[in-house]
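In what follows, a single structure is set out as structure tokens and then discussed.
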Amino acid sequence: MNFNLSEEQLMIQQAARDFAQTELLPGVIERDNQQRFPHEQVKKMGQLGFLGMMVDPKYGGAGMDSISYVLAIEEIAKVDASAAVVMSVNNSLVCAGMEKFCNEEQKLKYLQPLASGEVIGAFALSEPEAGSDATSQQTTAVDMGDYYLLNGTKNWITNGGNATYYIVIAQTDPEKKHKGINAFIVEKGWEGFAIGPKEDKLGIRGSDTHSLLFTDVKVPKENRIGEDGFGFNFAMAVLNGGRIGIASQALGIASGAYELSLKYAQVRKAFKTEIINHQAIAFKLADMATSIMAARMLCYKAAVEKDEGKDISEIGAMAKLYASQVAMDVSIEAVQIHGGYGYVKEYHVERMMRDAKITQIYEGTSEIQKIVISRSIVKNSK
Ligand code: CAA
């Protein structure tokens, strides 16, 4: 594995860093307070190519590699984890799945505007009774000939209110269990499709999370993704890639909290010296730096293997499991290093601690990542 970043990758990293500092940082505290979606900033992210980073330019994407994607998400999440999840969902769960599995017509109609950032997308798998246990889909799509009739409720959907196109997973034949699940592209505004109220969340409050309600929504047959019964395997394949995005978001939260703590420790004085000179603080920073580097290496390895076309289910799960734990641990320590200042909003680290928690929950909880990893290591040991 080559650890040197190419010139192009370094340029993308720098562009994301500049964007985060100039466009995201100024309003991030207010957006968190007011639960306000970063509309203007997301639009600019689209113009910079950050919403369809790995998509072929012929479908409106930026045609970059997965390492560039990890680098960009880390930089964005260092400053604004809410903007980072908007980016991760659009890139990994929506665009990547469409590019790999949709037909040409679907790509031209839906992928193009999504990858170019003209509109954003959402991925609707979770339900009130089906979070971790994703095969227990209660949303149904009944085959009516030239369309499916979609009924049910989806929960905790990132980009739920602001998306234009939604990938919706539904059960079409309960007897076939997960082989009777399909994925559909659904458009906002279709009759019978309602968006529930915005969730009032602990963290990533700048992103919008909603339930989605489908009552007799007519979904044209041509909006099914892949062969009949492919929906669950589609969702799993998409989530394998998505976990790299969330791992990178977690990495960004951790490195953002660490960088603020390192700076603070070199100016804040206690007992007549900067607190970095106290071993109690210096050792915390040493632990933070080490775990962040390890998380970063896992993200890079997962990204490289994805671009090599390898099965990334295990390494993607490892990256997410580890990076999300690092985000939690590091952000808690960041608040501790900042002391009383860490507990107030102005210093950013309390937000980072709140934002970190979701990375252990969405796109597969840490417990689900352990199921994925343990099944894989057992399979590979035979
Ligand atoms: N990669 C590829 N295929 C996989 C897979 C993976 N990681 N995990 C399972 N599969 C495939 C299996 O091979 C099997 O396919 P075949 O029958 O064709 O062989 C099929 O899926 C069913 O697998 P299992 O029998 O293992 O199913 P299970 O019910 O025992 O467990 C699970 C599956 C891994 C626990 C799965 O339910 C899961 O990943 N759950 C978590 C769901 C999740 O991540 N939800 C997040 C919601 S999205 C979100 O959060 C988005 C957001 O807004 C940010």
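Every number for a ligand or one of its atoms is a count from 1 in the order of the listing. Numbering of residues begins at 1 and proceeds along the displayed sequence.
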When you look for heavy atoms under 4.0 Å from ligand 1, do you find them on the side chain of T209, its backbone, both, or neither? neither

Hey, would you say the F123 and Y166 ring centroids sit under 6.0 Å apart? no

Option of least heavy-atom distance to atom 23 (O) of ligand 1 (set: F232, W156, F230): F232

For ligand 1, the portion of L239 having any non-hydrogen atom under 4.0 Å away: side chain

Can you tell me which portion of A134 lies within the under-4.0 Å heavy-atom range of ligand 1? Options are side chain, backbone, both, or neither. both

Test of ring centre spacing under 6.0 Å for Y69 and F50: no

Using a 4.0 Å heavy-atom threshold (strictly under), name the region of K177 that reaches ligand 1: side chain, backbone, both or neither. neither

Quiz question for you: does at least one protein heavy atom lie closer than 4.0 Å to atom 13 (O) of ligand 1? no

Whether K201 and E199 form a salt bridge (side-chain N of Lys/Arg under 4.0 Å from carboxylate O of Asp/Glu) is what I want to check. no

Of the backbone atoms (N, CA, C, O) and the side-chain heavy atoms from C-beta on, which set of H178 has a member under 4.0 Å from an atom of ligand 1: side chain, backbone, both, or neither? side chain

Ligand 1 atoms nearer than 4.0 angstrom to some heavy atom of I368 are 35 (C), 39 (O), 40 (N), 41 (C)

Return yes when I371 approaches ligand 1 closer than 4.0 angstrom through a heavy atom, no otherwise. no

Within 45° cone and under 6.0 Å: K221 NZ/CZ vs Y148 ring: yes

Taking atom CD of E105 as the centre, does the number of heavy atoms from other residues, nucleotides or ligands within less than 6.0 Å exceed 12? no

K44 side, atom NZ; L24 side, atom CG - distance, nearest 0.5 Å: 9.5 Å

